[in-house]
Amino acid sequence: MRYERVKGTRDVLPREALARRELEKLVHDKFSRAGFFPILPPTFEKYELYQHSTGEASDIVIKEMYRFADMGGRDLALRPEGTPSVMRAILENHLKIPIRLWYSMTMFRQDKPQKGRYREHTQIGAEIVGEAEPEADVELIKLGYDLFTEMGIEGMYLELNTIGCRECRPGYTEKLTRFLTEHQKELCEDCKLRTQRNPLRVFDCKVASCQEVLKSAPSQREHLCQGCKEHFDAVKKGLGRFSIPFGENERMVRGLDYYSRTVIEFKSTLLGAQDTLCGGGRYDYLAEELGGPPTPATGFAFGIERALLTSRGEDIFEFSGASIPLLVLPLGDKAQAYALELIFKLRQAGISVQAEFRSGGLSRKLKRADARNAERVLIIGEDEIAKARFILRDMHTGEQKEMTFEELLSLHELKGHSLLTNGED
RNA sequence: GUGGGUGUAGCUCAAUUGGCAGAGCACUUGACUGUGGCUCAAGAUGUUGGGGGUUCAAGUCCCCUCACCCACCCCA
């Protein structure tokens with residue numbers, strides 16, 4: 001029986017796996033400098049956690065969760081996003097606030113796979129917890145902006161909106177609900193439901209007739225309280241000051257329930273339908289929702305798969321596991337044993353080395369060395385063992401040199417060689 | 001959940017109105033048993049995604065099904 005991948009999952013092959021390591025290294029360096037520490041919460045949580053944070057009005061909780069019961073009858077779910085776990089971990093472990101955390105972890109959502117969308121995918125996220133000021137939003141956005149720029153994300157643009165706070169949102173939602181109720185018959189089925197569950201989400205609707213209705217809908221901008229207005233202005237001003245281009249999108253409301261005030265999305269024109277590369281925003285009430293003290297917070301997360309899909313990978317994330325800096329070619333039984341001992345010694349000395357043990361004469365072994373993309377080979381036969389001098393052959397130039405083990409060790413082109421050169425998967 | 005597309009060798013793809021399932025690349029072996037890449041020669045490879053039907057005959061036509069891709073919805 002041969003098995004295949006489960007729908008919506010993928011095998012990250014060596015080439016891409018190496019790219020991800022590079023990306024994580026870049027993120028780690030960058031985020032560390034801004035005071036972020038890594039955190040690794042578990043892969044599954046109580047279902048209830050997501051119900052109370054991601055929200056019962058969100059599509060994720062309504063229809064996309066991998067929900068299961070364990071043997072003890074606990075109601076659990078694979079994490080569909082990182083923020084709830086991070087906040088839960090902060091509260092549960094009494095981490096000192098303020099704190100900045102980042103993570104790179106897999107997420108699980110049971111929606112229909114598509115280009116750039118998988119049932120298991122990896123998100124890198126950053127959360128600033130305990131800072132209510134607009135500067136925190138600006139800092140975070142700038143961090144993302146710089147990161148994506150450095151990664152060479154093409155066709156990138158930033159969209160910004162504010163969705164108000166506890167003070168001003170209820171008044172607005174009430175007004176909006178009244179408006180939507182009046183126009184109920186002109187709305188699509190989904191929007192009729194949204195009117196009840198989360199009226200703001202109606203703005204997300206792509207149906208033309210709904211958008212038509214929304215044209216005359218009350219504007220949230222006019223209903224923002226003083227605090228929200230000032231906060232939003234400060235964020236925009238901050239972005240302007242650091243030359244981060246953005247577009248205001250009054251329609252963008254985000255799919256998760258816990259957001260307040262600032263919401264952001266980085267998009268790429270290269271992604272087609274799944275154009276959101278990175279989403280996030282402020283979530284000042286989440287801590288309280290989860291039974292903690294009032295704790296303002298802001299954060300974002302981006303999908304690695306999509307990021308890699310849109311980055312000029314060639315320049316920055318070029319690598320391969322194919323090239324072998326040094327390949328030992330033993331000739332004969334005695335040499336085979338000798339070679340094994342030799343490669344262990346060479347590796348101990350910091351040299352990347354492999355040996356071609358598969359049977360064959362020199363001609364065959366050289367052919368194999370070629371097929372394996374070896375940079376250099378070390379030929380070891382009876383004569384060489386007797387003399388304790390080996391033949392080092394450069395596979396590109398064909399140049400050969402005899403040398404002793406000590407001379408080999410001192411060749412510094414063999415040191416510090418990594419897999420990150422070029423080649424195929 | 002709704003639409004559209006694609007399934008043929010390890011990979012990329014051919015196959016005329018239904019008429020012997022093929023090519024290139026890759027692979028194996030040899031020419032060449034201590035000197036690779038080039039060349040030449042030979043070789044292996046398939047339930048044509050699966051099941052059923054029509055037919056003397058199905059990769060090709062019909063029905064069902066599965067997988068993948070793309071789009072809607074939504075999201076990273």
Side-chain angles (χ1 to χ4, degrees), chain A residues 2-10 54 57-65 79-83 104-125 144 148 153 188-191 193-194 201 204-208 210 252-256 264-268 271-280 300-310 327 329-332 335 356 358-384 390-400 424-425:
Chain A
R2 285 183 71 164
Y3 294 95
E4 289 170 354
R5 261 172 288 144
V6 169
K7 189 186 190 75
T9 63
R10 43 197 303 275
T54 309
S58 69
D59 281 16
I60 289 178
V61 170
I62 293 170
K63 55 185 186 186
E64 294 174 2
M65 294 262 272
R79 71 175 163 233
E81 55 139 350
T83 306
S104 168
M105 52 196 192
T106 49
M107 306 298 167
F108 304 86
R109 295 181 197 176
Q110 208 164 158
D111 47 13
K112 210 156 175 177
Q114 231 167 287
K115 186 183 178 67
R117 188 170 72 194
Y118 308 98
R119 289 187 170 179
E120 180 185 23
H121 71 280
T122 310
Q123 285 185 22
I124 289 180
F148 300 141
I153 302 293
C188 71
E189 287 308 308
D190 280 347
C191 284
L193 262 174
R194 287 182 183 126
R201 292 281 310 285
D204 251 350
C205 189
K206 307 287 192 299
V207 177
C210 292
M252 184 176 75
V253 295
R254 303 288 303 149
L256 312 182
I264 62 161
E265 283 187 11
F266 282 95
K267 302 186 171 198
S268 168
L271 284 169
Q274 266 61 51
D275 61 356
T276 303
L277 167 76
C278 172
F300 68 61
F302 66 94
I304 288 195
E305 291 81 3
R306 284 187 194 175
L308 256 28
L309 217 55
T310 50
L327 185 67
L329 308 184
L331 303 168
E356 180 53 73
R358 289 177 298 173
S359 67
L362 182 57
S363 181
R364 167 73 73 80
K365 294 218 178 194
L366 278 168
K367 229 172 239 182
R368 290 199 156 135
D370 208 44
R372 289 175 70 177
N373 203 7
E375 305 282 329
R376 303 169 197 78
V377 296
L378 192 70
I379 301 166
I380 303 179
E382 304 278 324
D383 299 349
E384 285 77 16
F390 318 109
I391 298 169
L392 182 72
R393 177 183 180 85
D394 184 303
M395 292 298 280
H396 300 296
T397 64
E399 257 179 274
Q400 297 195 163
E424 299 304 310
D425 289 331

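Order of the sequence lines sets the chain letters (A, B, ...), proteins ahead of strands, with each chain counted from 1. If you're wondering where the values come from, they're calculated on a predicted model, not measured in any experiment.
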Worksheet entry | Most 5' of C278(A) and R368(A) on RNA chain B, judged by nearest nucleotide | R368(A)

Worksheet item: With nearest nucleotides of RNA chain B determined for E382(A) and L277(A) from heavy-atom distances, which residue corresponds to the more 5′ nucleotide?
Response: E382(A)

Worksheet entry | For R119(A), all residues meeting side-chain hydrogen bond (donor to acceptor under 3.5 Å, both in side chains), sequence neighbours excluded | none

Worksheet, complete the sentence: Taken in chain and number order and not counting sequence neighbours, the residues that satisfy side-chain hydrogen bond (donor to acceptor under 3.5 Å, both in side chains) with Q114(A) are R117(A), Q274(A)

Tell whether [X] reaches the base of [N] with its side chain through a donor-acceptor pair below 3.5 angstrom.
X       : N      : result
R393(A) : G36(B) : yes
D370(A) : G37(B) : no
E384(A) : G34(B) : yes

Worksheet, complete the sentence: In B/S/- notation (B base, S sugar-phosphate only, - none; protein heavy atoms under 4.0 Å), nucleotides 68-73 of chain B written 5' to 3' is S-SBBB

Mind checking [X] for me? I need base, sugar-phosphate or nothing, with any heavy atom below 4.0 Å counting as a touch.
X       : answer
I391(A) : base
E356(A) : nothing
E305(A) : nothing
G381(A) : base
G398(A) : base
M395(A) : base

Worksheet item: Less than 4.5 Å apart, any side-chain heavy atom of P80(A) and any of Q110(A)?
Response: no

Worksheet item: Would you say a side-chain N or O of S363(A) is under 4.0 Å from OP1 or OP2 of C32(B)?
Response: no

Worksheet item: Under 4.0 Å between a side-chain N/O of R254(A) and OP1 or OP2 of C74(B), yes or no?
Response: no

Practice prompt. In whole angstrom, give me the gap between the C1' atoms of G4(B) and G10(B).
Written response: 30 Å

Worksheet item: When rounded to the nearest Å, what value does the distance between C1' atoms of U2(B) and U60(B) take?
Response: 30 Å

Worksheet entry | Atom pair CD/CG of E356(A) and L329(A) - distance to nearest 0.5 Å | 7.0 Å

Discussion item. Counting Watson-Crick and G-U wobble pairs with both distances under 3.5 Å, what is the dot-bracket string for RNA chain B, 5' to 3', using [ ] for crossing pairs and | for pairs to another strand?
Written reply: (((((((..((((.....[..)))).(((((.......))))).....(((((..]....))))))))))))....

Worksheet item: Under the criterion side-chain hydrogen bond (donor to acceptor under 3.5 Å, both in side chains), which of R306(A), R254(A), E265(A) is the partner of T276(A)?
Response: E265(A)

Worksheet item: Looking at G30(B), A76(B), G34(B), which one has an atom nearest to any side-chain atom of L331(A)?
Response: G34(B)

Worksheet entry | Non-neighbouring partners of R10(A) that pass salt bridge (charged side-chain N to carboxylate O under 4.0 Å, His left out), sequence neighbours left out | E16(A)

Worksheet item: What residues form a ring pair (Phe, Tyr, Trp, His ring centres under 6.0 Å) with F266(A), not counting sequence neighbours?
Response: F148(A)

